[in-house]
There are 2 protein chains.
Amino acid sequence: MVPGPARRRPTLTDVATAAGVAASTVSRAFTNPARVNAHTREHVLSVAARLGYAPNPAARALESGRTRTLALLVPDITNPYFAGVIKGAERAAAAAGLTLVLGDTQESASVEEQLVRRLGPSVDGLVLAASRLPDDGLRRAAEENAIVLLNRATTGVDCVVADFDSGTRQIVDHLASHGHESFVFLGGPAGSWSGARRWRGLQGSAAERGLDATRFGPYTPTLEGGPAAADAALAAGATALVCHNDMLAIGVLRRLAQRGVAVPERVSVVGFDDIFGADFCSPPLTTLAEHTRDAGARAVEVLVQQSRTTETASWVLPTQLVIRASTGPAPGR
Amino acid sequence: MVPGPARRRPTLTDVATAAGVAASTVSRAFTNPARVNAHTREHVLSVAARLGYAPNPAARALESGRTRTLALLVPDITNPYFAGVIKGAERAAAAAGLTLVLGDTQESASVEEQLVRRLGPSVDGLVLAASRLPDDGLRRAAEENAIVLLNRATTGVDCVVADFDSGTRQIVDHLASHGHESFVFLGGPAGSWSGARRWRGLQGSAAERGLDATRFGPYTPTLEGGPAAADAALAAGATALVCHNDMLAIGVLRRLAQRGVAVPERVSVVGFDDIFGADFCSPPLTTLAEHTRDAGARAVEVLVQQSRTTETASWVLPTQLVIRASTGPAPGR
DNA sequence: CGTCACATGGCAAGCGTTTGCCATTCTTTG
DNA sequence: CAAAGAATGGCAAACGCTTGCCATGTGACG
């Protein structure tokens, strides 16, 4: 048994010859059952099965112009936040009989643009998760391809986003209920769309509830960004920290532990995302959960539907504050 | 601006017409520069650029039979262990100008088989990570497609595996150096190839070093599997626990904390994989690190090379014990 | 029993590229 | 200066499949 480069796959024509019918009949037996006699069809299918025939997707794609393939571009595959998105997208794609191509944009707009260009022609549509592209770049991409944005929005492009308005209100309410009268937002990258939405939401809710909200940063939204963020907040005497995301929050938690600052006794810490690990870091993190799996799935569903309609829409997914041990009463209450 | 289903892409022929040359010339201008006059080529390329021409991958694939696409199948995309593998594979694929298709086998042999069948015809090769397929299933798949196994091995199929022999020896040495005279291996799923390798390695090294090794399980290798595993080990009076993987180990740590068992004072805990979170769980976990990113990258490199050679080979990647706070001296030393 | 509609199968023309082969022109070389 | 090559461009045939259209055969209907 030579493990070599695979023997030649049987083609439509091979099946046709073997079954003693025309190629078109074989084709129709597969794609248009109503168009061929039940007997012939059965015969053809059995011959095809015997030969181990499988249609060549490239040939189909050539003819139809559709590849039955979707692309999902994420800024960083290893970021656990996107793991759920990927899973959801993969499931939804598989359920629709579509193939999912994955791309890692390395948090870079230029890599993202390049990937869109490279992948665009060979897929039926793309999901751009937390896209770094500028608005006009997105619109341009949307002219060439079917596109759905995930946690990013711009007019003229379909998008599915988490409900940050409700989410940030939940956070502020939670802090307020614990007697906190102010908090610091440890912000992520300057250009982050969701970061901006988070801060806007927090600010709004804080104003409503009469809390003082201050924004620090930007900080790298990774574990490594934690120390700088934590130290800055500590220096400012903050008692409640809302972090751009869980990565940063966990980094902050580690720094606080290192500096002997009791959480939640002296400061409360809140994150965003509820990533893997948020429930077993120490202390477990209070954080705003998105249903990332649903988000990924929804995005591909929207993409699949997209062809049928023409106006663009935006889909909002619920968020939920998961309260764990990293938040508690304001000091002195 | 209608966001509709994308305007028609210009084709080779469009470019040829616009440039006033034959299609073959345009084709060669792109793929075989030496074959056309530098002047013509430049002209063609500029026209192509003006029209925004990009070759149709499906047509190329039809002609050449190669899709310039690879598939990576993993048991569970959300398992952080595979995140590194995916990242490495994506990078390596992108570097080689290849597209990476991702599939989630949901830890199921049948889903995996189905995916291989579905994806096989449309890719140039597949990487099966921690495959659940039986040996003969793998060999059969390898007859149809170029295949590389990751952390799984069987004769007749290329594979890249972590160096479990050295890794398990490092673990046993570490425990022995802390005066442990025995340990319990909390095993994962019965059919797990890497689980078997791990246990075999542990057993061997334990025998060499004169330690007593016992295997418990199987347990589900997830956080949820932790409590049962921890309780069993506790009931047996174990003082050192080596867990099938970090997920299980972290689950075990949580259970031990819950039961008030001091780690590492009363029991030491070791994991496998060094996943995201292993360094910030509590206490941070001593674990055997694989270079998952390298592994993913190596797998696709092997796949890319594969066509050139015919005999199969196996590639061993180094492992390294990362010592953190979950292990310490045996009680009473 | 002739007509017609319908069911069924086959033919052939693409889909966008690549590539073997031939024709033409331009260089070399003896 | 003739002849042999090189260089360059074009033609047309694939690659495997889908699909519009036509041909044939069948049963139904008047």
Side-chain angles (χ1 to χ4, degrees), chain A residues 5-45 47-48 51-69 97 118 120-124 144, chain B residues 5-45 47-48 51-69 97 118 120-124 144:
Chain A
R7 61 166 182 266
R8 199 178 81 86
R9 278 177 211 285
T11 73
L12 224 220
T13 323
D14 296 335
V15 178
T17 309
V21 300
S24 46
T25 303
V26 179
S27 173
R28 287 196 270 254
F30 280 93
T31 60
N32 196 353
R35 195 61 182 62
V36 337
N37 184 294
H39 269 81
T40 340
R41 170 151 197 267
E42 204 169 325
H43 174 223
V44 167
L45 292 188
V47 171
L51 262 46
Y53 167 76
N56 178 329
R60 280 194 160 160
L62 216 212
E63 166 66 28
S64 66
R66 6 209 66 261
T67 57
R68 302 199 58 71
T69 296
R118 200 164 77 69
S122 38
V123 301
D124 292 345
E144 295 284 331
Chain B
R7 61 167 183 268
R8 199 179 79 86
R9 277 177 212 284
T11 73
L12 224 218
T13 323
D14 296 334
V15 177
T17 310
V21 300
S24 46
T25 303
V26 179
S27 172
R28 287 196 269 253
F30 279 94
T31 59
N32 197 354
R35 195 60 181 63
V36 342
N37 185 294
H39 269 82
T40 341
R41 170 152 196 264
E42 204 168 326
H43 174 224
V44 167
L45 292 188
V47 171
L51 263 46
Y53 166 75
N56 178 329
R60 279 194 161 162
L62 215 212
E63 166 65 28
S64 66
R66 7 209 65 260
T67 57
R68 302 199 58 72
T69 296
R118 201 164 75 70
S122 39
V123 300
D124 291 345
E144 296 284 331

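Of all nucleotides listed (D/dT8, C/dT17, D/dC11), D/dT8 comes nearest to the side chain of B/Arg35.
A/Ser27 has a side-chain polar atom (N or O) that falls below the 4.0 Å cut-off from OP1 or OP2 of D/dT18. At C/dT17, none of the side-chain N or O atoms of B/Asn56 fall inside 4.0 Å of OP1 or OP2 (strictly under the cut-off). In this structure, B/Thr25 reaches the D/dG10 phosphate: one of its side-chain N or O atoms is under 4.0 Å from OP1 or OP2.
If you find the closest nucleotide of DNA chain D to B/Ser64 and to B/Gly20, the one lying nearer the 5' end belongs to B/Gly20.
Distance CZ (B/Arg68) to P (C/dT17): 16 Å, rounded to an integer number of Å. Between B/Arg66 atom CZ and D/dC15 atom P there is a gap of 16 Å when expressed in whole angstrom units. Separating the CD atom of A/Glu42 from the P atom of C/dT8 is a distance of 14 Å, rounded to the nearest angstrom. Rounded to a whole Å, the CG atom of A/Asn32 is 13 Å from the C1' atom of C/dA7. Taking atom CG of B/Asn37 as the reference point, atom P of D/dG9 lies 5 Å away to the nearest angstrom. Rounding to whole angstrom units, CG of residue B/Leu12 and P of C/dT18 are separated by 6 Å. Nucleotide C/dC15 holds its P atom 11 Å from the CG atom of B/Asp14, rounded to whole Å. In this entry the distance linking CG of A/Leu62 with C1' of C/dT18 reads 12 Å, nearest Å.
Separation of atoms CG (A/Asn56) and CG (B/Leu62) is listed at 6.0 Å; rounding is to 0.5 Å. For the atom pair NE2 of B/His43 and CG of B/Asn37, the computed distance is 12.5 Å after rounding to the nearest 0.5 Å. Note that CD of B/Glu144 is 5.5 Å distant from CZ of A/Arg9, once rounded to the nearest 0.5 Å. We find the CG-OG1 distance between A/Asn32 and A/Thr25 to be 11.5 Å, quoted to the nearest 0.5 Å.
Counting atom types as modelled, A/Glu63 pairs no side-chain N or O with a base atom of D/dG16 as donor and acceptor under 3.5 Å. You won't find any donor-acceptor pair under 3.5 Å spanning the side chain of A/Arg60 and the base of D/dG16, going by distance alone. A donor-acceptor contact under 3.5 Å is formed by the side chain of B/Arg28 with the base of C/dG20.
Among the atoms of the strands shown, none is found under 4.0 Å from any heavy atom of B/Ala16. B/Ser24 comes within 4.0 angstrom of a base, heavy atoms only. A/Val26 comes within 4.0 angstrom of no nucleic acid atom, judged by non-hydrogen atoms across all strands. Residue A/Thr40 is classed as a sugar-phosphate contact, given heavy-atom separations below 4.0 Å to backbone atoms only. A/Phe30 comes within 4.0 angstrom of no nucleic acid atom, judged by non-hydrogen atoms across all strands.
Between B/Ser122 and B/Thr69, every side-chain heavy-atom pair lies at or beyond the 4.5 Å cut-off.
A pairwise comparison of heavy atoms in A/Val47 and A/Ala19 identifies CG2-CB, 3.9 Å as the closest pair.
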